[in-house]
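Working notes, structure below.
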Amino acid sequence: MLVREVMSSPAVTVRRTDPVRRAIRVLHAHNLTAAPVLDDAGRLAGMVSEVDLLRGEFEPDARAAARPAVPSAGPAPRQVWQVMTHAVVTVTPVTDAATAIDLMVGKRVKSLPVLEGEKVVGMLSRRDLMAMLSRPDAELREAVVAVLREHHPTGAGWEITVDEGVVELRRAPGVPPDEHADRIAGLLTGTVPGIVRVRRLP
């Protein structure tokens, strides 16, 4: 599966000069944990997360401690550039989803901006990947049947079963073997979002 087949697009973004409170409202309104930050030219400048935006927004409450609350030393950050992460891990629309997952795990991030050249064209989050993996087997089977029928309109010639996202393709009784067609069918089946493995059976 490629990133473009599972990413959210268009990406919800904020500007580096946006007030922190505006960025908070954007993330909250779209139920996001992070968003790409763009510069004045529309290029990726960083990422900002919920945790980044919460920094310095609350003063200590005197009711929570026996000692008097000590106010923070300075003013809270006012603009996104003051709290965002500048070093950003990105992927492209044709990055393998498995590679993107490895990046998320290795870099300990929940989402990745998707870049096409210098343009942010989407976001890939763990939630996007979970949504694909949660698709029911019956729905996945219908999608596989549809993609094979599109490329073999005269009749697919395969028996298709799906179990926990794993597809088994078997030549229908009476249909002569065709190694080339079977290989193409396996490749097409693997492009269906939510399919995790394809087994070609005799």
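When a residue number appears, it is its place in the shown sequence, counting from 1.
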Heavy atoms only: give me the nearest [X]-[Y] pair and the separation to one decimal.
X: A100; Y: L124; answer: CB-CD2, 3.4 Å
X: V20; Y: L53; answer: CG1-O, 3.7 Å
X: A185; Y: W158; answer: CB-CZ2, 3.5 Å
X: V147; Y: H151; answer: O-ND1, 3.0 Å
X: A143; Y: V192; answer: CB-CG1, 3.7 Å
X: P36; Y: V12; answer: CD-O, 3.3 Å

task = Could you work out the complete set of other residues in the hydrophobic cluster of V196, with links drawn between I, L, V, M, F, W and Y side chains under 4.5 Å apart?
result =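 Traced through the cluster, V196 reaches L133, V166.
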Verify, without hydrogens or angle tests, whether [X] (side chain) and [Y] (backbone) share a donor-acceptor contact under 3.5 angstrom.
X: R15; Y: D39; value: yes
X: E150; Y: A146; value: no
X: E142; Y: E139; value: no

Where at least one partner belongs to residues 82-100, residue pairs that pass salt bridge (Lys or Arg N to Asp or Glu O under 4.0 Å), sequence neighbours excluded: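 For residues 82-100, and leaving out neighbouring residues, there are no salt bridge (Lys or Arg N to Asp or Glu O under 4.0 Å) pairs at all.
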Could I get the full list of salt bridge (charged side-chain N to carboxylate O under 4.0 Å, His left out) partners for [X], not counting sequence neighbours?
X: D52; value: R55
X: R170; value: none
X: R126; value: none
X: E179; value: R200

Rounded to the nearest 0.5 Å, what's the gap from [atom1] on [X] to [atom2] on [Y]? Could you check?
X: L112; Y: T92; atom1: CG; atom2: OG1; answer: 11.0 Å
X: S111; Y: M47; atom1: OG; atom2: CE; answer: 4.0 Å
X: L140; Y: I195; atom1: CG; atom2: CD1; answer: 4.5 Å
X: T161; Y: R141; atom1: OG1; atom2: CZ; answer: 8.0 Å
X: T17; Y: W81; atom1: OG1; atom2: CH2; answer: 11.0 Å
X: M123; Y: H30; atom1: CE; atom2: NE2; answer: 12.5 Å

| said: Does R127 have more than 12 heavy atoms from other residues, nucleotides or ligands lying within 6.0 Å of its CZ? | reply: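 No, not enclosed.
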H86, NE2 atom: more than 12 neighbouring heavy atoms under 6.0 Å:
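Yes.
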Are [Y] and [X] connected into the same hydrophobic cluster when the rule is that any two of I, L, V, M, F, W, Y join if their side-chain heavy atoms are below 4.5 Å apart?
X: I101; Y: V91; value: yes
X: L103; Y: V94; value: no
X: M84; Y: V89; value: no
X: V114; Y: L2; value: no
X: V144; Y: M132; value: no

Begin from the C-alpha positions of T99 and D102 and carry the test side chain to side chain donor-acceptor pair (under 3.5 Å) through to its verdict.
CA-CA 5 Å; T99 301; D102 289 342; 5.5 Å; no
Less than 4.5 Å apart, any side-chain heavy atom of [X] and any of [Y]?
X: P19; Y: R78; answer: no
X: V88; Y: P113; answer: yes
X: T13; Y: V37; answer: no
X: V121; Y: M7; answer: yes
X: E168; Y: V198; answer: no
X: P93; Y: V3; answer: no
X: P173; Y: E159; answer: yes
X: L148; Y: L169; answer: yes

>> So if I apply the salt bridge (Lys or Arg N to Asp or Glu O under 4.0 Å) rule between D18 and each of R22, R21, R16, which one comes out positive?
In response: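 Answer to the salt bridge (Lys or Arg N to Asp or Glu O under 4.0 Å) test with D18 among R22, R21, R16: R22.
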In sequence, state the C-alpha distance, the side-chain angles, and the governing distance for V48 and V83, and then conclude on side chain to side chain contact (heavy atoms under 4.5 Å, CB included).
CA-CA 7 Å; V48 70; V83 297; 4.0 Å; yes
